[in-house]
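Since the structure comes first, as structure tokens, the remarks are kept for the end.
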Amino acid sequence: MLARQTPIDHAAALRGLSATQDAAYLAAARRILVDMVGDPDLLAQASIERAARAYTRNVLFGDDRHTVYAIAWAPGSSTSIHDHHCSCCFGMASGALQEDWFEALDGDRARLVRTRTRRPGEVACMLPGGPNLHRMANVSDREAISIHIYGFNARARTTSIHREYAAADQHTLRV
Ligand SMILES: [Fe+2]
């Protein structure tokens, strides 16, 4: 049996992430997230708020460049269709989420182009230059928890979302 490698000091690793959001940044953020979602103690020690039919964002870490949330997704909860003004990396800690990818038709509407189920241990990263127009939803009957590293300071700006869109096809969310 393989011994678990020496755990990463997450706060130190997050403080060490560069402000330049490029491919090297995404690779470093990915390594941190892989370790975070594989750490059974991380969420056990965190204070996670929950809502009956919504998702809740819980700050795990923040500095002037990055904000890390644990997001608890109640069954049936969903984001809007949106993109981000900053980098967005996330990993699945428990449960499963449906991630739908969209293509903008104009400044207000978008059409579905791809759907993927994100499962525990899976990590995804994207830069603000796109393509990063997506929606995340818990279409299962169990809670899901994901951990997100955003390249923005939540104390200076309220949201990582750049713009929201309406679905050109209203039947694309399989709740
Ligand atoms: Fe997003």
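Please read these numbers as outputs of a predicted model, since none were measured by experiment. Both ligands and their constituent atoms are indexed starting at 1 by order of listing.
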Look at the aromatic rings of His134 and His84 and report parallel, tilted or perpendicular, splitting at 30° and 60°.
perpendicular

Do Leu112 and Leu133 belong to the same hydrophobic cluster, where Ile, Leu, Val, Met, Phe, Trp and Tyr are linked whenever their side-chain heavy atoms lie under 4.5 Å apart, directly or via other members?
yes

With 2.8 Å as the threshold, which protein atoms of type N, O or S lie near the Fe ion (ligand 1)? Leave waters out.
His82 NE2, His84 NE2, His134 NE2

With a 3.5 Å cut-off and no angle check, do the side chains of Ser80 and Glu164 form a donor-acceptor pair?
yes

Could Arg163 and Asp83 be called an ion pair, given the rule that one side-chain N must be under 4.0 Å from one carboxylate O?
no

Does the side-chain contact (heavy atoms from CB on, under 4.5 Å) test come out yes or no for His10 and Leu60, once each step is laid out?
CA-CA 10 Å; His10 296 131; Leu60 298 183; over 6 Å; no

What is the ring orientation for Tyr150 with Tyr69, classed by angle as parallel under 30°, tilted 30 to 60°, or perpendicular over 60°?
perpendicular

